[in-house]
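A short worksheet on the structure shown next.
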Amino acid sequence: MTATLERPQGTVEKPALRHRLAERGVDRVLLLLVPGVLFVAVLFVYPVFYGLQLSFQPKDGGGPLANYQKFFSDSYLFDTIWLTLRLALPAALINVLASIPIAYRMRGRFRGKRLLTTILVVPITLGTVLTAEGLIEYLGPVGWFNKVLLWLHLTDTPLRLVNNYWGVLFSLIITGFPFAFLLTLSYLSGIDPSLEQAAATLGADWRHRFTRITLPLLAPGLAITFCLTFVLAFSVFPSAYLVGLPQGATRVISIAAYESAFRDFDFPLGSAIAMIMAVVMLAVIGLVLAWRSTLYRGATGGKG
């Protein structure tokens, strides 16, 4: 005779652990994240923490904060922050502002859109070195631009547009605009066109539709676009050497970190400068995202 065990009345069978985890979205599909997490840990998290702890080990001694004290007390090093911000902030702002009218016009369907989009994103494929070479050939003292100005008698001497601040700024705009354009175009494509159509039926012209509907919905996405283009511009290095003045007006903070580590072989100081560089970027991004949080946040809007 087989004995059967009856569960007391009023008790509920407890689900298995696997089912309880599945209810919280934890299942075997999450194992697909393991390669990505390992990749990030090995190629990003570990180098960052290694560089952070290395920055607290000054080469010449003097305490764990000696490298940071040296950076902020040496004007030749400290000024690299402002020199880099003078390049990165205008470049990011120009790229974002320039991308708005072009992306606004190109969000619809028209003949030749693919060709025009391809032309606008071609600078991504050129690379920094080729872009710098083109700027030197075009904007240099004997370049085409100055030759045309001299031929038209618009100037008596060639304009100096490379190997200075302007050369690096032009390079950052050329290489950063495609990213800003593609991001802005994607955000604009995510805005429901029926909103503008409804406003048009109520008599709003294109200016009012853009300033009262499209721009408020697009602004959060523009903040993200600005952050990404700012990071690209703030980490400028090759352009500052090739079309700038690396020991003068374009001695950006990345050059200071490189020279400290690989010219002076002071790796702790180079790591400290890299950490300061990261903090400055995060501070600017934090301010932009804080401003973004005050913008319109509704059920209908862009992808940002």
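FYI, the numbering just counts along the sequence from 1.
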Member of I285, V284, I253 meeting the side chain to side chain contact (heavy atoms under 4.5 Å, CB included) criterion with F234
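Answer after filtering I285, V284, I253: I253.
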Qualifying residue for side chain to side chain contact (heavy atoms under 4.5 Å, CB included) with W166, from N163, L169, V162:
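It is L169, the one option of N163, L169, V162 that forms the side chain to side chain contact (heavy atoms under 4.5 Å, CB included) with W166.
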Do NZ/NE/NH1/NH2 and the carboxylate oxygens of E196 and R107 come within less than 4.0 Å?
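A salt bridge links E196 with R107.
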Between W82 and F78, what is the ring plane arrangement, given parallel below 30°, perpendicular above 60°, and tilted in between?
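Perpendicular.
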Is a donor from one side chain sitting under 3.5 angstrom from an acceptor on the other, for Y165 and T250?
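Per modelled atom types, Y165 and T250 side chains form no pair under 3.5 Å.
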Can a side-chain donor-acceptor contact be found between S239 and S171 if the only test is distance below 3.5 angstrom?
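Indeed, the side chains of S171 and S239 share at least one donor-acceptor pair under 3.5 Å.
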Given 3.5 Å as the limit, does a donor-acceptor pair link the side chain of N164 with the main chain of G167, or not?
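A pair under 3.5 Å: yes.
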Under 6.0 Å between ring centres: does that hold for F72 and Y68?
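Not close enough - the centres of the two rings lie 6.0 Å or further apart.
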With a 4.5 Å cut-off on side-chain heavy atoms, are L185 and F181 touching?
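They are in contact (side-chain heavy atoms under 4.5 Å apart), so the answer is yes.
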Quick one: closest heavy-atom pair of P158 and L150, and the distance?
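Scanning both residues, the minimum pair turns out to be CG-CD1, 4.2 Å.
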Check this for me: Y76, atom OH, are more than 12 non-hydrogen atoms of other residues, nucleotides or ligands nearer than 6.0 Å?
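Above 12, so yes.
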Transitive ILVMFWY cluster of V122 at side-chain heavy atoms under 4.5 Å: who else is in it?
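Once heavy-atom contacts under 4.5 Å are chained together, V122 belongs with L126, L130.
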Any chance you could lay out the side-chain contact (heavy atoms from CB on, under 4.5 Å) test for E259 and Q247, step after step, and finish with the verdict?
CA-CA 11 Å; E259 291 179 347; Q247 301 305 324; 2.7 Å; yes
